[in-house]
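Working notes, structure below.
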Amino acid sequence: MKKILLITGVLIGIFFSLWDSMTSYADTAPIDDEIGIEIISWPFFIKKTIIYMVIGGLTGFLTGFIIHKLIRSEKKVIFLNLKKLNSK
């Protein structure tokens, strides 16, 4: 599950970078210009994409980590409650 969330976060980072490139040019583009990705500087676009991928991957990893901890703690609570019931 952690790998799926990590990969999903990276993909969301890539898609957000593409969406950001499309919308950043939209406010200054001429009216007759077609909609699409307008990349002014490729090195900047690549750096921005890598940063978004890292942020998305870390977010996915942290989400998986928190879910794993919650599931583990819930199992521990259930186990302790069963142990108390059996000792009575």
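The first residue in the sequence is number 1, and the count goes up from there.
- For the side-chain contact (heavy atoms from CB on, under 4.5 Å) test, residues two or more places apart in sequence or in another chain that qualify with Ile71 are Ile67, Lys75.
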Acceptor/donor pairs from residues 53-65 side chains to any protein atom, 3.5 angstrom cut, sequence neighbours excluded:
residue : atom : partner : partner atom : Å
Thr59   : OG1  : Ile55   : O            : 2.7
Thr63   : OG1  : Thr59   : O            : 2.7

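- Hydrophobic cluster membership of Ile12, counting Ile, Leu, Val, Met, Phe, Trp and Tyr whose side-chain heavy atoms lie under 4.5 Å apart directly or via other members: none, as it forms a cluster of its own.
- Residue-environment remark: CG (Leu70) exceeds the threshold of 12 foreign heavy atoms within 6.0 Å.
- Phe44 shares a hydrophobic cluster with no other residue; no ILVMFWY side chain has heavy atoms under 4.5 Å from its own.
- Atom OG1 of residue Thr49 and atom CH2 of residue Trp42 lie 8.5 Å apart, to the nearest 0.5 angstrom.
- Identified under the salt bridge (Lys or Arg N to Asp or Glu O under 4.0 Å) test for residues 43-67, with sequence neighbours left out: Asp20-Lys48.
- Looking at Ser21, its side chain does come within 3.5 Å of a backbone N or O of Ser17 through a donor-acceptor pair.
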Could you walk me through whether Phe45 and Leu18 satisfy the side-chain contact (heavy atoms from CB on, under 4.5 Å) test, starting with their C-alpha distance in whole Å, then the side-chain angles of each, then the deciding distance to 0.1 Å, before giving a yes or no?
CA-CA 9 Å; Phe45 174 74; Leu18 291 172; 3.8 Å; yes

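- Residues passing the side-chain contact (heavy atoms from CB on, under 4.5 Å) test with Phe16 are Trp19, Tyr52, sequence neighbours excluded.
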